[in-house]
Amino acid sequence: MSVISDVIDKVKQTDPGQKEFHQAVIEVMETLEPTVDKHPEFVKAGIYERIVEPERVIIFRVPWTDDNGKVHVNRGFRVQFNNAIGPFKGGLRFHPSVNLGIIKFLGFEQIFKNSLTTLPMGGGKGGSDFDPKGRSDDEVMRFCQAFMRELSRHIGPETDVPAGDIGVGAREVGYMYGYYKKLKNEHTGVLTGKGLEYGGSLIRPEATGYGTVYFAIEMLANRGLDFKDKVVAVSGSGNVAQYAIEKVNEMGGRVISVCDSGATVIDESGIDMEKCCFLMALKNVHRGRVSEFAEKYHAACFDGKNVWDVIREQGIKVDIALPCATQNELDAQNAEALVNNGCICVAEGANMPSTPEAVRVFRENNILYGPGKAANAGGVATSGLEMSQNSLKLSWSREEVDNRLRTIMKNIHNSCLDAAEVYGKKGDYVSGANIAGFVKVANAMLAYGVV
Ligand code: NDP
């Protein structure tokens, strides 16, 4: 038995219920096989066994009161996974599906993603099973304050720097940062994704969506292709999806889909900038549903359906797919339909949106496939730039941050390809991203000895 399969077996035995975490560990570990032969020192130092075990897991009670005075209790999580190359860093997710296995999968992925950015950030993730949908601003504020009351004991600008994720945007970050400041009497860069007025960075809201498109641009360029006149399917309609749509438009592509957990909208005439602005206001200000978008623009609306199911069932041809909603949204059947209809490129704005079987379909068919930990790393990279600006106590211009983001995405793309080639997997972005991210963290862990 190899060290890799031993580690996978142990994870499954130790945490039997954590299926998303198992999926993430298997996906990474299986591609690390070539590093085992090349680095006997990693095996000797137990790096493979140690990297799948979080440094620390914090689970806490979050009691809060709704507008009618009723008391609710949610569960809060922070998984501080690995701080070998910098403070723990990773978002907070507020969604009813949140559990320890999901937070561990996200935290584990974050280790390699953050390493790929070349910035000094370790991996972590957190969140709660709280659902902000349908809650008033006051209720969301009280929840965020209750959540921060406990989280504040465990984070700090040099220790652990959370950010947003699903269900945590500018509003939630504002409430949490305000409460942290109140509790600690400190104005420090303890969260990223902050408002511009209180330490946020220009381009941070745009960064994950823009970065995903920048990564796709690099992959396409490798085959002499670009976004011009391409039909692009996007899933989701939140932060990542919105700015991916904006950037695709800028690059001359035509986006034909969005979704939320209620419905999928197909708009074959293209979601142009006017429609994209409407979508942003609908989602970020009015907190509405994509079905209202369909109504306004007379687009097709499929209730209760996911984008990739609709694209398969309707036989819609797309050139480029950008899954930007959630984990495991795109399965093998849908991947086959995309490939059979001529899709050339998939870049993941979301974390682990393609099932392992779907990934196999993309890889076997030689599709340009950019896994989330590489393709969506622009968000955390720009969070890293926000941390730098906070430390320097200055703010960079929009152009400066965007140029840095563009360069980082290009470098991530190239380091994936370089690592893939060095470890005998030429052209394979999955192996390249995992290996490049892993080797840097492993070397740092090696340097520290057994700690
Ligand atoms: P948001 O909360 O802003 O948006 C999430 C979107 O996905 C919403 O439209 C939501 O619909 C939809 N969605 C969620 N679950 C489902 C589901 N089961 N079926 C269909 N639609 C669903 O989150 P983000 O845009 O920030 O995050 C999207 C993805 O990108 C996540 O995987 C996240 O981890 C990843 N990511 C985010 C980064 C960031 O900087 N924000 C950085 C890197 C990765 P509804 O409104 O109905 O809930």
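We're numbering straight along the sequence, starting at 1. Bear in mind the structure is a predicted one, so any value in this text is a computation, not a measurement. Every number for a ligand or one of its atoms is a count from 1 in the order of the listing.
Salt-bridge formation is detected for the pair Glu109/Lys373: a Lys NZ or Arg NE/NH1/NH2 atom is positioned less than 4.0 Å from an Asp or Glu carboxylate oxygen. Under the 4.0 Å criterion applied to side-chain N and carboxylate O atoms, Asp319 and Lys230 are not assigned as salt-bridge partners.
Sorted by chain and number, the residues within 4.0 Å of ligand 1 by heavy atom are Arg93, Lys113, Lys133, Asp165, Ile166, Gly167, Arg204, Thr208, Gly236, Ser237, Gly238, Asn239, Val240, Cys259, Asp260, Ser261, Lys283, Arg289, Cys324, Ala325, Thr326, Gly349, Ala350, Asn351, Asn376.
The cationic atom of Lys296 (NZ for Lys, CZ for Arg) lies less than 6.0 Å from the six-membered ring centre of Phe278 and within 45° of the ring axis. Under the 6.0 Å distance and 45° angle rule, Lys275 counts as a cation-pi partner of Tyr297.
The distance from atom OG of Ser152 to atom CE of Met176, rounded to the nearest 0.5 Å, is 12.0 Å.
Aromatic rings of Tyr369 and Tyr429 (six-membered ring for Trp) have centroids beyond the 6.0 Å cut-off, not under it.
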